[in-house]
Amino acid sequence: MNKTAIIGVGSPFGDDAIAYHVIECLKEESLPAIDLHYYDRPGWHLLECMKPFNTVHLVDAIVSGSTPGTLHRYEDIHAFQLHQNLLSSHSFGLAETLLLGEVLGELPAKLIIHGIEISLNGGDINYLSLVAQLKKEIV
Amino acid sequence: MTDVYKDLSIPIIARVEGEGALHLNIHNGEISQLELSIYEPPRLFEKFLEGRSANEVIDAVARICGICPVAYQMSAVQAIEHIFEMPVTPWVHEMRRLFYCGEWMESHGLHIHMLAAPDFLKYPSVIAMAKDHPEVVKRGMHLHGLGLKLMSLLGKRSVHPVGACVGGFYAAPKITEVQTVLAQFKQSLPLAEELVAWSASLPLAKVKQDFTSVSLRHAHEYPMNEGRIVSSRGLDIDISEFDQYLKESQVPYSTALQCHLQGKSYLVGPMARLNLNYDLLPKAVHDILAHCKINFPSQNMFHSVIARSVEIYYAMLEAIRIMENYVHTTTPCTPMTPRAGVGFGCTEAPRGLLWHRYEFNEEGLVTSSRIVPPTSQNQARIEEDLRHALTHYGLDHSDDDLRFHSEIVIRNYDPCISCSTHFLTLKVERA
């Protein structure tokens, strides 16, 4: 049986809280047969969290220079820039975790990463429109 | 004879928690200067805590470290309960121990597999190591994950947990929740036994050093939340006497204070704990170490990785014992009555002794606080080890080789620069 999850990752505070807010909004929506989870900076533990699912939609904040609120979709885990040096477990981010998962053969069969553009200088993001767009992409 | 100088600098030490640097000056084939510099800015937590109420302190100190928040919370509650003259119920005592088991598993699991093992197996990172040793990494991730589950069980979340409070916990876990985690622990116990055997089989250097171990010591339990401060050279003091014997001082090249015991460096952490409390470990741990032909006390600093593995195994045994005896309670917390006074807390963080001192006023607010984390206490010992290890390794090696070897030595201590304020950039001067 195909099990699907939408998993938000990141701090629940500051600009990085976008994934937390999106998952909270999605809980108000009717999304049949889709599990909703949020993890605060899980590091490599994300791989354990994704294990029960065949399909995982990961939601995370992203900074690429686009307009805040822009939704980016990635199906290639190599699309992200790795930290140059793994200076600490603090720098073991999403890109490193997904690469480790690929090496270990521990990634879900289908993995889509939804990156939500945030502004490091703050700025309003229309959550309702964002959630509607994300729901359309996923369901 | 012409003087020969060499100056080597490591600007950022890799695979440690936080940012630091090492400056090494070599003169005529001998180390003339060695400075471990922690250059992260001071984090000022002790000042932030002034004017805060007791439970605000417990939530705030959890933010000092993303890896060992439980330790900060446990040292703080102990100090505050000391001031408020609050008894600790047997239920709370056991749950705090269970909480700590989770953090040891989480912190040690991360350090062994992500930060230290690539050194011993000669890989640049855990990702590169995972290609050849996938089962080792999977085992590490699984044990680390079990630790997080325990932290979440009592802390309600594993990152900066919020479940602990002065007097105990805000809520008692349901029996069904405990039973679910207990079943996972029982099923995974053989993995921890494998981990100890695996760490004992690593190609570790056989170098003995003369150092003093310092840890808590409790009359009948392996130390986590309680005990007297003891050393391998006969120190045996109450935690309130810490300041009289263990002196902090500032060095000009580091934002973190260093700490000395009667003027000399000392070691805190899993190996110091094991060196001073081996007899308090259960027979199962003694048997596995005997089988692996590893003896504690040990003066080989590289046995630290084995000590961490042993503590993961012990934490699992202890967690199973506590969860098997778990009873639910409707009073997970003793009510507090704030009062003025001075109190001390000292518990065994994954990286070693974590000492707190608080002073509260009549309104129940903090008027002053002091926090001495384990990495500050280990700094002078790391510098001493580096002098010994680099001289033994050979100072005529290339700068890159010296840099790599220095990092291995430093990483072996699992320094948390984020806690101590935070760590390696190597600068070597040879001329």
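Here is the naming used below: chain letters follow the sequence lines, and residue numbers restart at 1 for every chain. All values below come from the heavy atoms of this structure, side chains included, with hydrogens, waters and symmetry mates left out.
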Can you tell me if A/T67 and A/E117 form a side-chain donor-acceptor pair at under 3.5 Å? no
For the residue pair A/H57 / A/E137, report whether a side-chain donor-acceptor contact shorter than 3.5 Å exists. no
B/H160, part contacting chain A, at a heavy-atom distance under 4.5 Å: side chain
Most heavy-atom pairs under 4.5 Å with chain A, out of B/R157, B/E135, B/R63, belong to B/R63
side-chain contact (heavy atoms from CB on, under 4.5 Å) filter on B/H133, not counting sequence neighbours, yields B/L121, B/Y123, B/M129, B/V136
Heavy-atom contact with chain B under 4.5 Å, split by part of A/E102: neither
Any idea how B/F48 and B/F45 line up, ring-wise: parallel (<30°), tilted (30 to 60°), or perpendicular (>60°)? perpendicular
